[in-house]
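Numbers restart at 1 for each chain; the letters A, B, ... are given by sequence-line order, proteins then strands. Note that the coordinates shown come from a computational prediction; the quantities given were computed from them, not determined experimentally.
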2 protein chains.
Amino acid sequence: MSADAQPAPVSAKPPVTLREVAAAAGVSVATASKALNGQGRMTAETRERIRETARLLGFRPNSLAQSLLRKRSFTVGLLTNDTYGRFSLPLMAGVSDALVDNGVSVFLCNVEDDTRLGQLHVEAMLDKRVDGIIATGKRIDRHLPVDLSNLRIPVVYAFTQPDPGAVGLVSDDAGGARLAVEHFVRLGRRRIAHVTGPASFAVVHTRAEAYRDVLRENGLAVSEPLLGAWSEGWGHEAVEKLFGKAGREGWPDAVFCGNDQIARGVIDALRERGIRVPEDVGVVGFDNWEIVAEATRPPLTSVDMNLSTLGREAGLALLSLVGGQWAAPGIRKLPCRLVVRQSCGSPPG
Amino acid sequence: MSADAQPAPVSAKPPVTLREVAAAAGVSVATASKALNGQGRMTAETRERIRETARLLGFRPNSLAQSLLRKRSFTVGLLTNDTYGRFSLPLMAGVSDALVDNGVSVFLCNVEDDTRLGQLHVEAMLDKRVDGIIATGKRIDRHLPVDLSNLRIPVVYAFTQPDPGAVGLVSDDAGGARLAVEHFVRLGRRRIAHVTGPASFAVVHTRAEAYRDVLRENGLAVSEPLLGAWSEGWGHEAVEKLFGKAGREGWPDAVFCGNDQIARGVIDALRERGIRVPEDVGVVGFDNWEIVAEATRPPLTSVDMNLSTLGREAGLALLSLVGGQWAAPGIRKLPCRLVVRQSCGSPPG
DNA sequence: GCGATGTGGGAAAAGGTTTTCTCAAAAGGG
DNA sequence: CCCTTTTGAGAAAACCTTTTCCCACATCGC
């Protein structure tokens, strides 16, 4: 090895500690600590000198040591089983956004649907003394595959089934469905169909119920929702069922779809049949998954569940629980919003 | 407040410490520690008794204290600017998978394209004494909006532009393109077009180069790649350009697309023109984004960048760096694979 | 029975920070 | 000039675990 060889690993000198700052400023660690935290009493001159020294040395307190003492790590865990992040990522963005200003970081863990993995991650979080946990998932009527009910740290459930007595935030699916159907009604559509996902999903029923309510409230004929899959393929099939029969008179003039993929299938199938969207038939989707909604022709009007707001609220709720504040248990529903694009046309006349 | 009011917050008793275990087992903390870690010397009986006590009490060592002492937190940070997680999530799954077995957790931080936010998160990670950082992004020819070059902890770059001298892992885009074009050649296609993204992306040129190479190697006519956007809309337009001209003889019999969305647009546009896929024209996409690839009709054959493998390798590389091992700096390219579905047909005859 | 060896287990320091308590000096009151 | 109060700053404990030493006791060989 030559004399000017690199020192073995990259690792430069270790981080500068409070002790070093204190030494450099000619005070005790206690005084240094107080100076930097704005605690204790000392001359303004001393305080400033210590601060300046710390700045010069690039001092940053060791979070590990702080957390150990304060019994707060300023870290929260975010648990999800939504592999593709379609729902969790906007939610996480909201959570992160709400917490970063409070100096809190977020640990994301994907537990898939694996209980063992879930348990593993939860224990790791507990060991690392996270201040709280936000549980989220890909559907609001299922639990994560892991028990969070007796955790000695606060837990908030967002967009997943909460444990009884816990704080839960979900989207207001009924409200979202109303938004869509009422939009159609306002535009003068009279024969509004509903094509949605499988019966095993609670939201399918929630939304169908709201759909029926709005139709009845407006004196319109209620046709049975078509349940199927959450796929484009099912959208195609549903168009077959709805528009296959001869009498053009019986055709719907609007289709409210359970998600954007179904809507995309519906729109494509209508175009193939020469049925114009939005002139002949209006279409509304659900989820406002931009990558899909903006690629349909015409671009898809869709119900947005405001997941990042949901995440933000979840973050704030957790924060106040961590702070010892009481938060109302039970499920809180947050409103959706309708993102209007071009698949429904304008009011008649 | 009534007598049977709930104790203020949920928080039950604090976690059990090593000291309590030691007391319960009638030994010193030192002995207890050694018993649980398989260190030191003591009778098997003593060791077992301590272990049993710990188990009974549900003792879990405080990671914070351990990390403080060992100067390793068994945590790594994952930095990304890929908001939708299309690339980062598979990558993160791989990273997480590689590390969880080593008892290492992963901190995911989305820094968007915001330097201030990035700096903030990096500092938070440093303060929390993460053992290393994996940087990832949404394209391999751009840096994250944050400087990781002098960090005193190891950094590995995955699917983003590495700093000079650092360890970087990216997909082998040239190889991926070869896979696609050679697949066409093998199937007997002779006039192979290439529709891809904007010139500002390095991969556009890398793949185009490989595309031309394969054509030349096989004595086929090389037509200029069509550069545009990464969207379905561009796929439609490109079909217009390629198949708009009169002479059916000049039409391509295969289109290699720069991503799955373009491919989807191409396939849809072809169908609208009555051109059959795969009989008349074969189509291959890139990214193997299942949600798109499986929804095209017919399902799309696509190049998969093996991002979760990439993540796994990145995790392992970081781990060995953290362990003080030396790792070869520079960019390592990991092979892609072709996922064959139905958009290319079978060999002729 | 005495020194050498081995064995089981404990005391204490370390890691970096915060906080409480204490204390010396300075200032103020009479 | 003496006593009390205030002020500035330090010593030390605490958080929880790991690890290095060290010690007492038992065993063994002679």
Atom [atom1] of [X] and atom [atom2] of [N]: how far apart are they, to the nearest Å?
X: B:L36; N: D:dC16; atom1: CG; atom2: P; result: 16 Å
X: A:R41; N: D:dT7; atom1: CZ; atom2: C1'; result: 6 Å
X: A:R19; N: D:dA11; atom1: CZ; atom2: P; result: 12 Å
X: B:L64; N: C:dT17; atom1: CG; atom2: P; result: 14 Å
X: A:R129; N: D:dT17; atom1: CZ; atom2: C1'; result: 11 Å
X: A:N37; N: C:dT20; atom1: CG; atom2: C1'; result: 15 Å
X: B:R72; N: C:dA14; atom1: CZ; atom2: C1'; result: 19 Å
X: B:K128; N: C:dG16; atom1: NZ; atom2: P; result: 19 Å

Out of [options], which nucleotide sits closest to the side chain of [X]?
X: A:L68; options: D:dC15, C:dT17, C:dT7; answer: D:dC15
X: B:S28; options: D:dC15, C:dA11, D:dT18; answer: C:dA11
X: B:A65; options: C:dG15, D:dG10, C:dT17; answer: C:dG15
X: B:A30; options: D:dT18, D:dC16, D:dT19; answer: D:dT19
X: B:K71; options: C:dG15, C:dG10, D:dT17; answer: C:dG15
X: B:T17; options: D:dA11, C:dT7, D:dT17; answer: D:dT17

Check: Is any NZ, NE, NH1 or NH2 atom of the basic residue among A:E52 and A:R49 found under 4.0 Å from an Asp or Glu carboxylate oxygen of the other?
Finding: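 A salt bridge is absent here (no side-chain N lies under 4.0 Å from a carboxylate O).
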Checklist line | NZ/NE/NH1/NH2 to OD/OE distance under 4.0 Å, B:D113 and B:K138 | finding: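 The answer is yes: the pair qualifies as a salt bridge.
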Note to self: So A:T46, base contact, sugar-phosphate only, or nothing? Heavy-atom distance under 4.0 Å.
What the structure shows: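 The residue A:T46 makes sugar-phosphate contact but no base contact.
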Notebook entry, point to check: Hey, does B:S33 reach any base, or is it just sugar-phosphate, or nothing, if we go heavy atoms under 4.0 Å?
Noted result: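 Answer is base: heavy atoms of B:S33 come under 4.0 Å of a base.
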Next item on the list: Rounding to 10 degrees, work out the angle separating the end axes of the helix from C:dG1-D:dC30 to C:dG30-D:dC1 (five pairs an end).
Entry: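 About 60° separates the two local helix axes.
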Next item on the list: Measure the acute angle between the ring planes of A:F107 and B:F107, then classify it against the limits of 30° and 60° as parallel, tilted or perpendicular.
Entry: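 Parallel: the ring planes of A:F107 and B:F107 meet at under 30°.
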Notebook entry, point to check: Would one find a side-chain N or O of A:R70 under 4.0 angstrom from OP1 or OP2 of C:dT17?
Noted result: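 No, A:R70 has no side-chain N/O under 4.0 Å of OP1/OP2 on C:dT17.
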Next item on the list: Please state whether the phosphate of C:dG16, meaning OP1 or OP2, lies under 4.0 angstrom from any side-chain nitrogen or oxygen of A:S67.
Entry: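 No, because none of the side-chain N or O atoms of A:S67 sits under 4.0 Å from OP1 or OP2 of C:dG16.
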Next item on the list: Among A:L169, A:L307, A:L334, A:V170, find the one that has a side-chain contact (heavy atoms from CB on, under 4.5 Å) with A:F159.
Entry: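 Answer after filtering A:L169, A:L307, A:L334, A:V170: A:L307.
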Notebook entry, point to check: Do you know which of B:L148, B:I134, B:L108, B:T136 makes side-chain contact (heavy atoms from CB on, under 4.5 Å) with B:L79?
Noted result: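 The side-chain contact (heavy atoms from CB on, under 4.5 Å) with B:L79 is passed solely by B:L148 among B:L148, B:I134, B:L108, B:T136.
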Notebook entry, point to check: For DNA chain D, whose closest nucleotide is more 5', that of A:R49 or that of A:V29?
Noted result: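 The residue mapped nearer the 5' terminus is A:R49.
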Check: Going by heavy atoms in the side chains, are A:C109 and A:M125 under 4.5 Å from each other?
Finding: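 Sidechains of A:M125 and A:C109: in contact.
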Notebook entry, point to check: Heavy-atom distance under 4.5 Å between the side chains of B:T115 and B:V146, does that happen here?
Noted result: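 Of all side-chain heavy-atom pairs linking B:V146 with B:T115, none is under 4.5 Å.
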Note to self: Does B:K34 contact C:dG8 through a side-chain donor or acceptor facing the base, at a distance under 3.5 Å?
What the structure shows: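 Result: no qualifying N/O pair found.
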Check: Quick one: on DNA chain C, does A:Q39 or B:M42 contact a more 5' nucleotide (nearest heavy atom)?
Finding: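 Final value for this comparison: B:M42.
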Note to self: Using side chain to side chain donor-acceptor pair (under 3.5 Å), reason through A:K333 and A:S171 one step at a time and then give a plain yes or no.
What the structure shows: CA-CA 5 Å; A:K333 291 186 180 163; A:S171 51; over 6 Å; no
